[in-house]
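Report on one structure; see the data block that follows.
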Amino acid sequence: MLDIRFIRENADLVKEGARKKHIEVDIDRLLTVDDQRRKLLHESENLKAEKNAASQEIAKLKGDEKGQAIVRMKGVTEKIKDLEARLTEVVDEFNALMLRVPNPPDEEVPEGDDDRDNVEIRRGGILPEFDFEPRDHVELGELLDIIDIPRGVKLAGSRSYILKSEGVLLEYAVLMYALETMVKLGFTPMIVPHLVKDIAMIGTAYFPGGEEQAYTCERDSLYLIGTAEVPVTSYHYDEILDEKDLPLHYCGISPCYRREAGTYGKDTKGLYRIHQFQKVEQVIVCAADPKISAEKHEFITNNSENLVKALELPYRVVLVCGGDLGQPQKRKYDIECWMPSRGNYGETHSSSKFYDFQARRLKLRYRDSEGNVQFCHTLNNTFVATPRILISILECNQQKDGSVVIPEALRKFMGGIEVIEPKK
RNA sequence: GGAGAGGUGACCGAGUCGGCUGAAGGUGCUCGCCUGCUAAGCGAGUGGCGGCCACAAGCUGCUCCAGGGUUCGAAUCCCUGCCUCUCCGCCA
């Protein structure tokens, strides 16, 4: 969410930002509603002030005088009720519009419609070369008996899967390696609720707009998280932190659930786009300083880049274009790892900078050195998401017989296993 | 799930036969004084959100879990919901 004052004073900039993001929002309507809102607010507040003053007086009056005053105030109370009803309507519309206004992206964010217009910034690692016909991860998974998609689908429908044997060990090795590294980097690991209230979904800006993407437990009005970003960023919901405690470095580990509505026919094969996965997520809460935000953004991006390097995966970093940017981000980098079966890099990480966009919704503030209350800045980035990253690991490290060599860094988390051998 | 108790400011904690309580008192915190050091002591200050406005001063509204209601007027009365605690039952 943006500051309404900022919107009032920079309407053109906000409109331009929405245009660049290809998000439709009626800023003029918002400004009109804002005017009405303030006008009604003013009127009703004046009446309330009158009412409050009169109430004080009445307490001191006696007899007839008192009776008359009470009758007089009845009328005022009615008027206030009337105004309040109108105000509520206007405020509802105002709030709904406010939640839709996108965060204007950084100037350097390239123009573009979708992920094809993202701009590559740098590459790392060496693409694997095979002197045999490489298998995709689905074939490898079957051969090694570590991935069972048909039975996953049988039990839970499309985009479901089962990991078994070394597949499970590999997934947990990835997670454990990630967790250990996060702690070394000074992040506080957190296990958070996977079911959250709407305040967390709205606060992190998944709602409104992303309702279709989330699984709902309607009976309890709870939502399954699509990422630990949601509960971790919401951790200090409605709190005022002390500037000296910032920046905060948290990392959440959690399963992630996504309905993948509207993606029918897209990435249907294998473990790329699935309903449930696990993730270690970096979250930073820092002071409201664009410079610090920018530094932290590079920091969390580098962290993930280093992880990918440690896993010996070829990757590239792209700067996400306007059209591929979500409502809340100022700027986003994706890290994409090489996936031989796709003949391309596939997104494995998403590194976002928000400024105070989420913090405003989350009432996440801090007291600065001068004693002023300010909204924090927030950032987050995938540290590792699995099993998607397993696609790269399996496919890039396969050998002619279908066996897969485990990256050095993961072995100690898999009981020393160096190679996963075919079972049949 | 059954039976009770309760939700007040950063924290603890008064305040319910409605008005003078945005809220006593204490702690914490800030500033000043005092002080071989520390501790203690003395004085003053100390919520959040919003409107008018320059995000100043000032004026003003809201805020005692949330949402409704009664009333000229509610932290105080009524209803609903949420949460916490205790006992019992069940159970990973």
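Lettering of chains follows the sequences in order, A, B, ..., and the numbering in each one begins at 1.
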- According to the Watson-Crick and G-U wobble definitions, with both distances under 3.5 Å, which nucleotide is paired to B:A75? none

- Query: Rounded to whole angstrom units, what separation is found between the CG atom of A:Leu222 and the C1' atom of B:C82?
  - Reply: 12 Å

- Task: Can you tell me, in whole Å, how much space there is between the C1' of B:U27 and that of B:U80?
- Result: 37 Å

- Message: Say we look at B:C77 and B:A5: how far apart would their P atoms be, to the nearest angstrom?
- Response: 15 Å

- A:Leu87 CG - B:G51 C1' separation (whole Å): 11 Å

- Could you tell me whether A:Glu180 and A:Lys184 have a side-chain N and a carboxylate O separated by less than 4.0 Å? yes

- Task: Ignoring backbone atoms, test whether A:Arg367 places a side-chain nitrogen or oxygen under 4.0 Å from the OP1 or OP2 oxygen of B:G47.
- Result: no

- Distance test, side-chain N/O of A:Lys74 to OP1/OP2 of B:C72, below 4.0 Å: yes

- Message: Categorize A:Ala54 for me: base, sugar-phosphate, or nothing, with a 4.0 angstrom heavy-atom threshold over every strand shown.
- Response: nothing

- Base, sugar-phosphate, or nothing: which does A:Asn52 touch, judged by heavy atoms less than 4.0 Å apart? sugar-phosphate

- Less than 4.0 Å between a side-chain N and a carboxylate O, is that true for A:Asp106 and A:Lys353? yes

- Message: Just N and O in the side chain of A:Asn46: are any of them under 4.0 Å from OP1 or OP2 of B:G51?
- Response: no

- Residue met sooner reading RNA chain B from 5', once A:His42 and A:Ala49 are mapped to nucleotides: A:His42

- Query: Roughly, in whole Å, what's the span from CD in A:Glu239 to P in B:C49?
  - Reply: 14 Å

- Query: Heavy atoms under 4.0 Å, any strand shown: does A:Lys66 hit a base, just sugar-phosphate, or nothing?
  - Reply: base

- Rounded distance (Å) that lies between atom P of B:C52 and atom CZ of A:Arg5: 9 Å

- Item | Nucleotide forming a Watson-Crick or wobble pair with B:G48, both distances under 3.5 Å | B:C62

- Nearest-angstrom distance from the residue atom CG of A:Asp34 to C1' of B:G50: 12 Å

- Which value, in whole Å, describes the distance between the P atoms of nucleotides B:C72 and B:C31? 50 Å

- Any side-chain N or O of A:Arg365 under 4.0 Å from OP1/OP2 of B:C49? yes

- A:Tyr272 six-ring centre to A:Arg388 NZ/CZ under 6.0 Å and within 45° of normal: yes

- Given that both distances must come in under 3.5 Å, which nucleotide forms a Watson-Crick or G-U wobble pair with B:G36? none

- Query: Which residue, A:Arg37 or A:Lys197, contacts RNA chain B at a nucleotide closer to its 5' end, judged by nearest heavy atom?
  - Reply: A:Arg37

- Task: Could you let me know what B:G18 is paired to, Watson-Crick or G-U wobble, both distances under 3.5 Å, or none if it's on its own?
- Result: none

- Query: Which is true for A:Lys39 with a 4.0 Å heavy-atom rule: it touches a base, it touches only sugar-phosphate, or it touches nothing?
  - Reply: nothing

- Query: Which value, in whole Å, describes the distance between the C1' atoms of nucleotides B:G43 and B:U35?
  - Reply: 16 Å

- Counting side-chain heavy atoms from CB outward, which of B:C49, B:G50, B:G61 is closest to A:Val373? B:C49

- Message: Taking the basic N atoms (NZ, or NE/NH1/NH2) and the acidic carboxylate oxygens, is any pair closer than 4.0 Å for A:Glu212 and A:Arg259?
- Response: yes

- Message: Without decimals, in angstroms, what is the distance between A:Glu9 CD and B:C53 P?
- Response: 12 Å

- Between P of B:G48 and CG of A:Leu241, the distance in whole Å: 14 Å

- Task: Quote, to the nearest angstrom, the C1' distance that separates B:C59 from B:G6.
- Result: 39 Å

- Message: Need one value for A:Ile58: base, sugar-phosphate or nothing, where a base atom within 4.0 Å counts as base even if backbone is also close, heavy atoms only.
- Response: base

- Item | Conformer about C1'-N of B:U21 - syn within 90° of 0, anti elsewhere | anti

- Task: Show the numbers, then the answer: is there a side chain to side chain contact (heavy atoms under 4.5 Å, CB included) between A:Tyr366 and A:His377?
- Result: CA-CA 10 Å; A:Tyr366 68 98; A:His377 279 192; over 6 Å; no

- Task: Check the distance between B:G61's P and A:Leu41's CG and give it to me in whole angstrom.
- Result: 12 Å

- B:U71 and B:A14, which share atom name P, separated by this distance in whole Å: 33 Å

- Item | Watson-Crick/G-U partner (both atom distances under 3.5 Å) of B:A3 | B:U86

- Message: What I want to check is whether the side chains of A:Ser158 and A:Glu260 have a donor and an acceptor closer together than 3.5 Å.
- Response: no

- Query: Can a side chain N or O of A:Lys81 be found less than 4.0 Å away from OP1 or OP2 on B:U70?
  - Reply: yes

- Determine the interplanar angle of the A:Tyr177 and A:Phe413 rings, folded into 0 to 90°, and report it as parallel if under 30°, tilted if 30 to 60°, perpendicular if over 60°. perpendicular

- Closest listed nucleotide, where the reference is the side chain of A:Glu45 and the choices are B:G51, B:C72, B:G48: B:G51

- Query: How far, in whole Å, is B:C33 from B:G22 if one measures between their C1' atoms?
  - Reply: 31 Å

- Please work out which of the three classes, parallel, tilted or perpendicular, describes the rings of A:His275 and A:Tyr215, given edges at 30° and 60°. perpendicular

- Task: Check whether any side-chain N or O of A:Thr77 sits under 4.0 Å from OP1 or OP2 of B:U71, and answer yes or no.
- Result: no

- Message: What's the gap between B:G47 and B:A39 when it is taken at their P atoms, as a whole Å value?
- Response: 26 Å

- Message: Checking base pairs now: Watson-Crick or wobble, both atom distances under 3.5 Å. What partners B:U27?
- Response: B:A10

